[in-house]
Peer 1: 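What follows is a structure written as structure tokens; I'll ask about it next.
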Amino acid sequence: MPQCGIPWPVPNPGPDRPQPIVPMLDIQALRQDPDRYRKAMRDKGYSEDPVLRALDLDARRRAAVTALQEYKERANALSREIGPLMKEGRRDEAESARAETGRLKGVIREAEDAARGLETELERTMLEIPNAAHESVPVGRSAADNAIPFTFGSPRAFDFDAKPHWELIERHGLVDFERGAKVTGAGFPFYVGKGARLQRALVNFFLDMATTVGGYTEIEPPVVVNEASARGTGQLPDKEDQMYEVTRDGLYAIPTAEVPVTNFHRDEILPEDALPIRYCAYTPCFRREAGSYGKDVRGLNRLHQFDKVELVQIVHPSKSYEALETLREDAERLLQRLELPYRRVVLCTGDMGFTQTKTYDLEVWSGGQERWLEVSSVSNFESFQARRMMIRYKPKDGSKPEIVHTLNGSALALPRIVAALLENNQQADGSIAIPEALRPYTGFDRIG
RNA sequence: GGAGGGGUGGCAGAGCGGUUGAAUGCAGCGGUCUUGAAAACCGCCGUGCCGCAAGGCACCGUGGGUUCGAAUCCCACCCCCUCCGCCA
């Protein structure tokens with residue numbers, strides 16, 4: 001029984017109901033305040049053209065729908081008369097009514113095609129409009145314009161030649177990339193011995209922190225999902241290049257636990273007092289990383305399969321920015337306990353994703369490579385995902401269901417944490433110190 | 001993989017060609033009663049779209065078809081459940 005007070009099991013969820021590609025934006029919101037969305041497009045670095053096209057299509061669509069409805073109304077009214085007329089024996093009148101509805105049928109079909117065409121085009125256009133950034137997000141064009149409001153710890157000054165983690169890994173036999181490449185392919189490493197134990201320790205530590213201090217309910221989800229779920233969180237229609245696909249069964253290997261966990265409540269109406277819902281989940285994540293090469297893929301920096309603990313929150317729309325801060329703190333606390341220097345980055349409008357309204361990246365300092373590595377991305381999606389997934393809540397006052405807000409964040413992505421841990425904690429003799437907080441989980445206090 | 005059964009409102013569950021957008025029960029909301037609560041009783045109570053409104057249109061897994069008219073008939077597909085087989 002989940003602690004969130006959600007009925008269990010969820011009745012009749014219809015897990016693979018074919019979902020139309022519903023726009024993540026509400027056309028009515030767009031209609032009411034087009035300028036807001038035009039500004040949002042500019043801020044995120046997109047052309048505002050789709051907004052203008054959407055408004056035009058919407059106007060034409062509404063006209064077409066109105067016309068269509070009028071034809072249908074006439075046909076329905078006539079149709080209703082036929083039964084009684086037949087009973088009264090007024091055959092001629094019944095026949096002429098029948099002929100007229102027959103004629104209307106053709107007209108209706110044409111009007112339907114017109115309306116449907118406009119609707120499809122509108123939906124397609126709406127999909128080009130990103131979620132508007134929150135007002136607190138700095139406006140900017142690239143990563144150079146991101147804000148860095150907080151830094152924890154400071155990069156360690158080594159009095160010896162600090163090694164990158166791939167050298168440390170090799171020295172201590174923690175990860176076997178070569179055999180991973182043989183057995184599966186590049187980017188699918190084996191973790192071995194203390195390397196494997198370190199993974200398990202981190203996963204357990206993260207989950208324990210999330211479930212105790214954070215108050216998250218632990219979930220172990222499927223690691224492949226169907227198409228409707230991939231749509232729900234926005235991986236489809238246009239990010240399929242990033243996912244491994246099991247074509248025979250129409251399933252996708254998850255790129256993050258966000259996908260199955262957020263879809264857990266797809267097509268549901270939750271009681272208001274079930275909110276906020278907080279889930280944490282450990283899963284492997286699979287990413288094709290098509291088109292990314294170069295030196296940042298060395299070692300553990302970028303893999304096709306990696307482990308991650310993910311946090312997901314489903315909250316009342318008025319509470320999502322509070323929730324964003326707690327989510328961020330839940331992730332930051334882990335870095336602090338691990339004593340890893342990190343910085344908090346607020347992504348500017350131009351650097352953030354299509355679907356987010358505000359995103360914090362947490363970047364850990366990697367002493368051997370002397371660079372910052374992104375280990376967590378914490379985002380508010382407001383209603384963008386929830387609208388697609390039709391996750392709503394039923395207000396306590398009995399009024400109509402409303403769309404919830406969803407958020408998620410990594411806490412944390414393991415490989416880069418391991419990289420930073422090894423690099424920052426390496427000693428002159430080549431051994432590696434395990435931070436205090438992790439020792440109960442590893443069962444050893446140093447490697448080598 | 002084989003054989004059956006089934007998908008209807010927040011949930012359960014009727015309906016199987018024409019005032020059925022859909023009985024009934026539960027849940028929810030409002031009220032009466034009560035010191036308070038429970039119980040009982042009364043009322044309200046699906047969603048989306050078009051419209052200033054009145055009102056209209058659509059939706060009973062999805063898509064198509066038959067019909068003047070379909071939740072109800074036909075076809076295809078998807079999903080769920082049960083049993084058998086296989087299996088960690």
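Please read these numbers as outputs of a predicted model, since none were measured by experiment.
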Peer 1: What string of B, S and - do you get for nucleotides 46-52 of chain B, 5' to 3', if B is base contact, S is sugar-phosphate-only contact and - is no contact with any protein heavy atom under 4.0 Å?
Peer 2: -S-BBS-
Peer 1: Between B:G31 and B:U24, how far is it from one C1' atom to the other, in whole Å?
Peer 2: 23 Å
Peer 1: Quantified in whole Å, what is the C1' atom distance between nucleotide B:U62 and nucleotide B:C79?
Peer 2: 10 Å
Peer 1: Determine the interatomic distance between P on B:A12 and the same-named atom on B:C84; round to the nearest Å.
Peer 2: 26 Å
Peer 1: For nucleotides B:G28 and B:A37, find the distance between their P atoms and express it as a whole number of Å.
Peer 2: 15 Å
Peer 1: Identify, between A:Arg98 and A:Leu68, the residue whose nearest nucleotide on RNA chain B lies closer to the 5' end.
Peer 2: A:Leu68
Peer 1: Roughly, in whole Å, what's the span from CG in A:Leu78 to C1' in B:C57?
Peer 2: 16 Å
Peer 1: Side chains of A:Glu382 and A:Asn131: any donor to acceptor distance under 3.5 Å?
Peer 2: no
Peer 1: Could you tell me whether A:Lys194 sits above the aromatic face of A:Phe444, with NZ or CZ closer than 6.0 angstrom to the six-membered ring centre and within 45 degrees of the axis?
Peer 2: yes
Peer 1: I need the minimum non-hydrogen distance between A:Pro415 and A:Asp307, along with the two atoms involved.
Peer 2: CD-O, 3.8 Å
Peer 1: Using the P atom as the point on both nucleotides, what is the distance between B:U66 and B:G9, in whole Å?
Peer 2: 28 Å
Peer 1: Rounded to whole Å, please give me the gap between NE2 in A:His265 and C1' in B:G10.
Peer 2: 15 Å
Peer 1: Round to the nearest Å and state the distance from A:Lys72 atom NZ to B:C68 atom P.
Peer 2: 18 Å
Peer 1: Map every base of RNA chain B to its dot-bracket character, where paired means a Watson-Crick or G-U wobble contact with both distances under 3.5 Å and | marks a partner outside the strand.
Peer 2: ((((((((.[[[..)..(.....]]].(((((.......))))).(((((....))))).[[[[[..)....]]]]])))))))....
Peer 1: Between A:His304 and A:Phe286, is the ring centre distance below 6.0 Å?
Peer 2: no
Peer 1: For the residue pair A:Glu325 / A:Tyr360, report whether a side-chain donor-acceptor contact shorter than 3.5 Å exists.
Peer 2: yes
Peer 1: Rounding to a whole Å, what distance do you find between A:Glu112:CD and B:C57:C1'?
Peer 2: 11 Å
Peer 1: Can you tell me the distance, in whole Å, between the CG atom of A:Asp267 and the P atom of B:G10?
Peer 2: 11 Å
Peer 1: Distance check, C1' atoms only: B:U34 and B:A38, in whole angstrom units.
Peer 2: 10 Å
Peer 1: What distance, rounded to whole Å, do you find between the two P atoms, one in B:C59 and one in B:A22?
Peer 2: 14 Å
Peer 1: Strictly below 4.0 Å: does A:Arg109 bring a side-chain N or O up to OP1 or OP2 of B:G65?
Peer 2: yes
Peer 1: To the nearest Å, how far apart are A:Ile269 CD1 and B:G10 C1'?
Peer 2: 6 Å
Peer 1: Could you report the tightest heavy-atom contact between A:Leu275 and A:His316, atom names first, then the distance?
Peer 2: CD1-N, 3.8 Å
Peer 1: I'd like the C1' distance from B:G46 over to B:G21, given in whole Å.
Peer 2: 9 Å
Peer 1: Between the side chains of A:Thr256 and A:Lys308, is a donor N or O closer than 3.5 angstrom to an acceptor N or O?
Peer 2: yes
Peer 1: Are A:Tyr279 and A:Phe264 an aromatic pair, judged by ring center distance below 6.0 Å?
Peer 2: yes
Peer 1: Taking for each residue the nucleotide of RNA chain B with the nearest heavy atom, is it A:Glu70 or A:Arg116 whose nucleotide lies nearer the 5' end?
Peer 2: A:Glu70
Peer 1: A:Asn76 has an atom CG; how far is it from atom C1' of B:G18, in whole Å?
Peer 2: 12 Å
Peer 1: Under 6.0 Å between the ring centres of A:His405 and A:Phe381?
Peer 2: no
Peer 1: Suppose we screen for side chain to side chain donor-acceptor pair (under 3.5 Å). Which residues come up paired with A:Arg333, at least two apart in sequence or across chains?
Peer 2: A:Asp330
